[in-house]
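Report on the structure given below.
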Protein chains: 4
Amino acid sequence: MSKILGRPRSQAADDAIIAAATKIFYKQSYQDVSMEAIAIEAGVGKATLYRRWANKATLAVEVLMRQVIQEKTEYSSGNYRQHLISNLMGLRDMLSSEYADVIICVIAETQYNPELRTLFDQHFLKPVQAIGEQDLKRAIQQGEIKDIVDHNLLFDQLFGLFYYRILVVQNNICDKDIYAIVDAFLALVGINNSEK
Amino acid sequence: MSKILGRPRSQAADDAIIAAATKIFYKQSYQDVSMEAIAIEAGVGKATLYRRWANKATLAVEVLMRQVIQEKTEYSSGNYRQHLISNLMGLRDMLSSEYADVIICVIAETQYNPELRTLFDQHFLKPVQAIGEQDLKRAIQQGEIKDIVDHNLLFDQLFGLFYYRILVVQNNICDKDIYAIVDAFLALVGINNSEK
Amino acid sequence: MSKILGRPRSQAADDAIIAAATKIFYKQSYQDVSMEAIAIEAGVGKATLYRRWANKATLAVEVLMRQVIQEKTEYSSGNYRQHLISNLMGLRDMLSSEYADVIICVIAETQYNPELRTLFDQHFLKPVQAIGEQDLKRAIQQGEIKDIVDHNLLFDQLFGLFYYRILVVQNNICDKDIYAIVDAFLALVGINNSEK
Amino acid sequence: MSKILGRPRSQAADDAIIAAATKIFYKQSYQDVSMEAIAIEAGVGKATLYRRWANKATLAVEVLMRQVIQEKTEYSSGNYRQHLISNLMGLRDMLSSEYADVIICVIAETQYNPELRTLFDQHFLKPVQAIGEQDLKRAIQQGEIKDIVDHNLLFDQLFGLFYYRILVVQNNICDKDIYAIVDAFLALVGINNSEK
DNA sequence: TTCTAACCGAGACGGTACGTCGGGTCTTAAA
DNA sequence: TTTAAGACCCGACGTACCGTCTCGGTTAGAA
């Protein structure tokens, strides 16, 4: 049986590291952030840092994840159209935030780091998609939209639009754009529009 | 009047550097590529390299640009549907190629390097978009598709889908998917579908 | 109160660096020696090297110092004349050795590097002078030579002769020359000569 | 027979280079002086510079030589004691000047550059020694000093004292010191002292 | 006058060493 | 066993200088 031996890990260290990382990733570009700086800001040894997160990218995912969770909980009422708009505004805000370069740099890293890939999928992409899918499922059950087969493709088109516009082309997406996009989306899959 | 003074820059050095960079970016991840390695492979001094390209990202854009130009010239016959399919297959191939991580890393860099941003826009994004737009214009003139107002949005959705699926979610897009996507796109904007 | 924090510096690294430097300074000219080569030979990171010695010259002084210490301990018996001859032969050997160019290059550096100046003084010049002075003092006490006031000047003349002849004019000084020089020196300050 | 073909070398370029080198060696340490800077200051191409002087050290010897010539012509009257004092003051001034580090750096280079060695010998050391020897010869003829056999050794001791004191130990030599040194020297070799 | 050869200033060339910096690991003594 | 501190190895970075080479153009004497 495995007993817990030695000094237990300090929760304070965890918190200090995340706080420091969140702060530093906010005000500096991903590349310019050094693990050393985070360790110093957190008042923590580098080993303590690496014992919890294997590398900079992994720590960055942690920070991003917490940012997503914050966003997620803020939008939670209204009908499907409202939900969708709220979710997409959340996504827009995240992609336009100071963490934009952290997101894209992490995505870059995932190209040749499978573990990070998995982590990023589960802690960042999935949670964002999940909101959309939960809402969608409820909307279908409530008869708000058609039970289309390939909503994956449509969702990817929707999300892709945001990633591409904001991160690649670097045109920001205003609220009016989002209304138009959502309405176009609902025009395709919504039930009410065929009733009109 | 400005005369040409001093020894002119060697075209051979240009070529050697680009060839070396293309080769090395192909077989190594962007992060693992060092400017020093490129200089050595090209048989060129580091100063010669930095005289032309200020940093790794700028050189990477050069390499990507030439890859895009190669792709572009390969697809050039058939009707609009054919063209669109060809173009998107080209985009898919590029985003799925060994240069995928170079592209995403360059995009990452553009987040905090305005000059690189401009360069990437003009030498990579614009050329790719241009193909689509030229074809579109011709298609409208020939009455193949509706003269819709906001084809920008639709194109971004299309391109975004590819960037998102391949680079972010990392699901590859097969030929069948492309047919489906194009048909869905034409169902929205094509004229023939309203005739059905 | 100052406690010892962090990982202590590795004595093994110190030793490896000094051994490597000694070896490389021996077989290459000072100018051709690179810090990188020393680091590699020592199996040590460049940072580790620069953490201890700020530059090539400082490291060279370290190497020279250890060479002086080796020489010093070799000559230690006989009367004052014998001692003087031994010491000057040691100086001659050092200035004629493979380290000659290291010595002169370090002296060159001291012209515009005060810290190196101090270091060179304390770790190289002083130890060499000290031998002569100790012997002198003993010789005076034992009545072998006159208690002259300005032996500094005479010593500088003696040492200067060696530096000038070997390093500047680059004529080597043979054993016979040394005997002559010492006898001339003792003819000036020795007691026995006035007794003859 | 070799005829002079092509455009003759520009005297103006020679002068400009020497002037620039003299100026720059004066105000910067030898190490910090770059051939490029001299070429720019002289308004001359680097090739023009290297066509005349093979490297920095060779050019430095040129500068030093001209400095020696300047000094030489300044002292030329009085008896031998006066001459010797003047000459040594000239040497002292040169070794204490802004060119001190140039001298020592050139000496350093001569350790592994035989051509420079020859050049330095003929253009710097010899001229300085020559003054002393000419004066000595005349003094011997005029019966001012003994016709000693090995005045080489004594001269080396004298010059060595200056090089060692000023460049190595870096104690400056004041006028009073020079008087003392000269008188000690003449006490050894002078005729008048035995007459007193 | 035209030709030829060496020159000129400017600056790019291949090399090479520099000293710094960051990543991720390891080693202390203390808790 | 974890902690903070900080040294460790590794290797890329971008700069600077070396001494050479290549431009277009100049300057002389020879043909």
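Just so it is clear: chains get the letters A, B, ... in the order the sequence lines come, proteins before strands, and each one is counted from 1.
For Arg9(D) and dC7(E), the shortest distance from a side-chain N or O to OP1 or OP2 is below 4.0 Å. Residue Thr48(C) has a polar side-chain atom (N or O) positioned under 4.0 Å from OP1 or OP2 of dC9(F). Phosphate contact (OP1/OP2 of dG24(E), side-chain N/O of Arg52(A), threshold under 4.0 Å): absent. For dT3(F), the OP1/OP2 oxygens have a side-chain nitrogen or oxygen of Arg51(A) closer than 4.0 Å.
You'll find that the side chain of Lys46(C) is closest to dC18(E), out of dA7(F), dC18(E), dT2(F). Among the nucleotides dC18(E), dC8(E), dG9(E), the one closest to any side-chain atom of Met35(C) is dC18(E). The side chain of Ser34(A) lies closest to dG23(E), out of dA7(F), dG23(E), dC21(F). With dG11(E), dC18(E), dC21(E) as the choices, the nucleotide that has an atom nearest any side-chain atom of Arg7(B) turns out to be dG11(E). When the nucleotides dG9(E), dC10(F), dA5(E) are ranked by their closest atom to the side chain of Leu5(D), dA5(E) comes out on top. When distances are taken from the side chain of Tyr50(C) to each of dA10(E), dT15(F), dT20(E), the shortest belongs to dT20(E).
Using modelled atom types, no side-chain atom of Glu98(C) and backbone atom of Lys27(C) make a donor-acceptor pair closer than 3.5 Å.
In this structure, CH2 in Trp53(A) is found 10.5 Å from OG1 in Thr48(A), a value given to the nearest 0.5 Å. Residue Phe25(C) holds its CZ atom at 11.0 Å from CD of Glu62(C), rounded to the nearest 0.5 Å. Atoms CD and OH, from Gln28(B) and Tyr112(A) in turn, are 11.5 Å apart once rounded to the nearest 0.5 Å.
Where Ala47(A) and Ala42(B) each meet DNA chain E at their nearest nucleotide, the meeting point lying more 5' is that of Ala42(B).
Residue Ala39(B) is out of contact with every strand shown, counting any heavy-atom pair closer than 4.0 Å.
At whole-Å resolution of the value, CD in Gln11(C) and C1' in dT27(E) are 16 Å apart.
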